[in-house]
There are 2 protein chains.
Amino acid sequence: MSEEPKVRNISDLARIAGVSAGTVSRALADSGLVNEKTRAMIKALAREHDFRPNIMARNLRIQKTGAIGVVIPLGHDTGQHISDPFFITMLGLLADALTERGYDLMLSRVIPTDEDWLDRFTDSGRVDGIIVIGQSDQAAALDKVAMRYRPLVVWGGHQKGQVHCSVGSDNVAGGDLATTHLIERGCRRIAFFGDPTARELKQRLAGCRAALSRAGLGDDPRVCPVHLAAGIDDASISQFLADEQQRPDGIVAASDVIAMTTLRALSEMGIAVPADIKVIGYDNLPIAEHTVPRLSTVKQDLTTGANNLVELLMRRIAGEDTGSVVMPPELVVRTST
Amino acid sequence: MSEEPKVRNISDLARIAGVSAGTVSRALADSGLVNEKTRAMIKALAREHDFRPNIMARNLRIQKTGAIGVVIPLGHDTGQHISDPFFITMLGLLADALTERGYDLMLSRVIPTDEDWLDRFTDSGRVDGIIVIGQSDQAAALDKVAMRYRPLVVWGGHQKGQVHCSVGSDNVAGGDLATTHLIERGCRRIAFFGDPTARELKQRLAGCRAALSRAGLGDDPRVCPVHLAAGIDDASISQFLADEQQRPDGIVAASDVIAMTTLRALSEMGIAVPADIKVIGYDNLPIAEHTVPRLSTVKQDLTTGANNLVELLMRRIAGEDTGSVVMPPELVVRTST
DNA sequence: GGCAAAATTACAATCGATTGCAATTTTGCC
DNA sequence: GGCAAAATTGCAATCGATTGTAATTTTGCC
């Protein structure tokens, strides 16, 4: 067949247009250097041949990638998937914020098995910067990378002396807020649901302790180290609550997912919320509004958080050393307390 | 300071090693052509200088990108975010499946405002192939792209005569299964919750109609076009169910999210599930197991689906024309029916 | 020691776009 | 018409890695 060969690159289009490749490049990039008539002719030909310049070649030349790596370290549980609605909500918000700034989002889920799990992203030349969602138990590794790689921002708790730039709510204040609310609603025997191995949850527990201590209720609440992932720890929750003598009258759940798991387990045990036990969560995810009863929670504004992550990263890519952002939590009272 | 300059590329490392750039490239790539002693020396130097080859330059030369585009068309609602837990569960599964095959995942959320919304991905040279999650109302546009771009696979409903390769459950069978189940549980006045503009939901409604017709219950159920996104249509659900004379005794919810929204609305109206109205969903997401009561649903195996998407895409990247995959739905009976 | 084969390494073209600077063309003024 | 300035376009180096082929070195045998 006499079908003309496909235009594969700028040189091909230049040949058809009767100009040089440089002129084609400038025409397609709307450079002021190319005559308007020539520019329109070249653009029409590009459209006619369904031609778009190769982004990788361009990025190699301009030494930018146009992509941001979003890395989710998922702890050491290799079977775990990105199912936590928190991660996912954050991911969606980041996708939108990055698209608005003309960046592509390169998603990677990693299992931090060795100390340099982040290096293959920082040193690959594949992304212009990296956003890590969640510190897991890797704060030290993140500090190490941050010492030599500036365009890195982490969603997570801030701690004095940390090197890496982070965005997150004031977890201590949030834990305090949640606990104070339960105390104000009459609770005297408060438990904490969540695994404090992760920095954020550890900080929320610290806030819980502070509020209890202030109220003269001791400073050592019982802790049920419920897994962050949905639907895993039902049995351990049931076991924790089986002993009616030891049963708490209020539960600070370290995340909305843990709260939802808890609500379901309580429902199945025939324990009424909030009459018998009051439950409060953390995050204020859209999904949490669906619980029965509707969940009281500590809101961290994820939209603002995502925008802060992207804003700080852009500034760090530009060469600035930014400080961390710690956002104030807000109490959202619904019917589970 | 007398700090030696950073090794920025293979030429820099070659100079330090006293060999050519080609030898360094081959040594780092474990090519059999390089002497073992030389190879070890070069690798040690690379480690010592924290050097990793630039992936973009390599990809330009080998004419592969090492990335797969995952595109989520979100309908025409520009304010919508990637919050649907279905999308997100699928995203996590895809991230894992692609990582296992050595690919990076480039995430893009797009609003299909014009007819060639997908072209900027297909023609950019940025990705080796594309997975689209959800057809929205864009089946025709997807067919158009599929005619000229082979490495494209879509999560969604299959339809005779379609050009694009798709993976999804048999939505007609799934809608039939859900409706038959409600009929077997005694329902006689069944409604469909979901907006049939999207092909998948339209097919689920068709299955619902078929089951009703077979049971002699007419073939035109009332449809409440509930939005797929969480928490939006509470008011319209309440209004739909306000008239006790018209109230259905069974609801086929076109997705688990719609089902969750429905369960919450019913709870607030004081309507008992399943005693007064039976509710069944679609998808079998992990989150849906948290509802009170636990949701009966039609399961489409997302893990298998994600693996199928990636498997078909790999084959199409390799040049093969694959057919679509239509997976059988399964009924999962819990306590909402 | 000489020679052929094998092993090792070097050279430089290539991928495809960008862009500084040079060459050419066009324009406007005298 | 000639000339200088401005506008337009072309040339080719560049980004950084890969790799086919050539050059060089090493090895083993006679």
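Source: prediction; values computed, not measured. Lettering follows sequence order; numbering is per chain, from 1. Keep in mind that the numbers below use all heavy atoms, side chains included, and drop hydrogens, waters and symmetry copies.
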Axial bend angle, the helix from C:dG1-D:dC30 to C:dC30-D:dG1: five-pair end segments, nearest 10°: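 End-to-end axis angle: 50°.
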
Worked check of side chain to side chain contact (heavy atoms under 4.5 Å, CB included) between B:Asp96 and A:Arg109: CA-CA 7 Å; B:Asp96 295 332; A:Arg109 160 193 176 276; 2.6 Å; yes

Quick one: side chains of residues 305-313 of chain B, donor-acceptor pairs under 3.5 Å with protein atoms, not counting sequence neighbours, listed by atom name and distance.
from: B:Asn307; atom 1: ND2; to: B:Thr303; atom 2: O; distance (Å): 3.3
from: B:Asn308; atom 1: ND2; to: B:Thr304; atom 2: O; distance (Å): 3.4
from: B:Glu311; atom 1: OE1; to: B:Arg101; atom 2: NH2; distance (Å): 3.0

SB check A:Asp30 A:Lys43 (cutoff 4.0 Å):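 Judged by the 4.0 Å cut-off on N to carboxylate O distance, A:Asp30 and A:Lys43 do form a salt bridge.
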
Derivation of the side chain to side chain donor-acceptor pair (under 3.5 Å) call for B:Arg52 and A:Ser124: CA-CA 6 Å; B:Arg52 267 182 163 82; A:Ser124 68; over 6 Å; no

Quick one: are [X] and [Y] in side-chain contact, heavy atoms under 4.5 Å?
{"X": "A:Leu302", "Y": "A:Trp155", "result": "yes"}
{"X": "A:Phe51", "Y": "A:Leu45", "result": "no"}
{"X": "A:Ile68", "Y": "A:Met314", "result": "yes"}

Heavy-atom closest pair, residues A:Cys165 and A:Gly323: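 Heavy atoms of A:Cys165 and A:Gly323 come nearest at SG-O, 3.5 Å.
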
Nearest atoms (heavy-atom pairs only) where B:Val110 meets B:Pro112: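 So the minimum-distance heavy-atom pair works out to O-CD, 3.7 Å.
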
CA sep, side-chain torsions, deciding dist, call: B:Leu118, B:Leu142, side chain to side chain contact (heavy atoms under 4.5 Å, CB included): CA-CA 8 Å; B:Leu118 198 41; B:Leu142 291 165; 3.8 Å; yes

Test log, rule side chain to side chain donor-acceptor pair (under 3.5 Å), inputs A:Thr65 and A:Asn59: CA-CA 5 Å; A:Thr65 69; A:Asn59 288 340; 5.9 Å; no

Whole-Å distance separating the CZ atom of B:Arg15 from the P atom of C:dC11: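 So the CZ-P distance, B:Arg15 to C:dC11, works out to 13 Å.
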
For atom NZ of B:Lys37 and atom C1' of C:dA7, their distance in whole Å: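 Those two atoms, NZ and C1', are 14 Å apart.
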
Where at least one partner belongs to residues 146-157 of chain A, residue pairs that pass salt bridge (Lys or Arg N to Asp or Glu O under 4.0 Å), sequence neighbours excluded: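 Of all non-adjacent pairs touching residues 146-157 of chain A, those that pass salt bridge (Lys or Arg N to Asp or Glu O under 4.0 Å) are A:Asp119-A:Arg148, A:Asp123-A:Arg148, A:Arg150-A:Asp321.
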
B/S/- contact track for nucleotides 16-21 of chain D, protein heavy atom under 4.0 Å: BBBBB-

Single hit among A:Leu28, A:Thr23, A:Val34 for side-chain contact (heavy atoms from CB on, under 4.5 Å) with A:Arg39: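 Single pass found, and it is A:Val34.
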
Contact list (N/O, under 3.5 angstrom) for nucleotides 22-27 of chain C vs protein:
none

DNA chain C-proximal residues of residues 38-47 of chain A, any heavy atom under 4.0 Å: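 Residues of residues 38-47 of chain A that come under 4.0 Å of DNA chain C do not exist, since none gets that close.
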
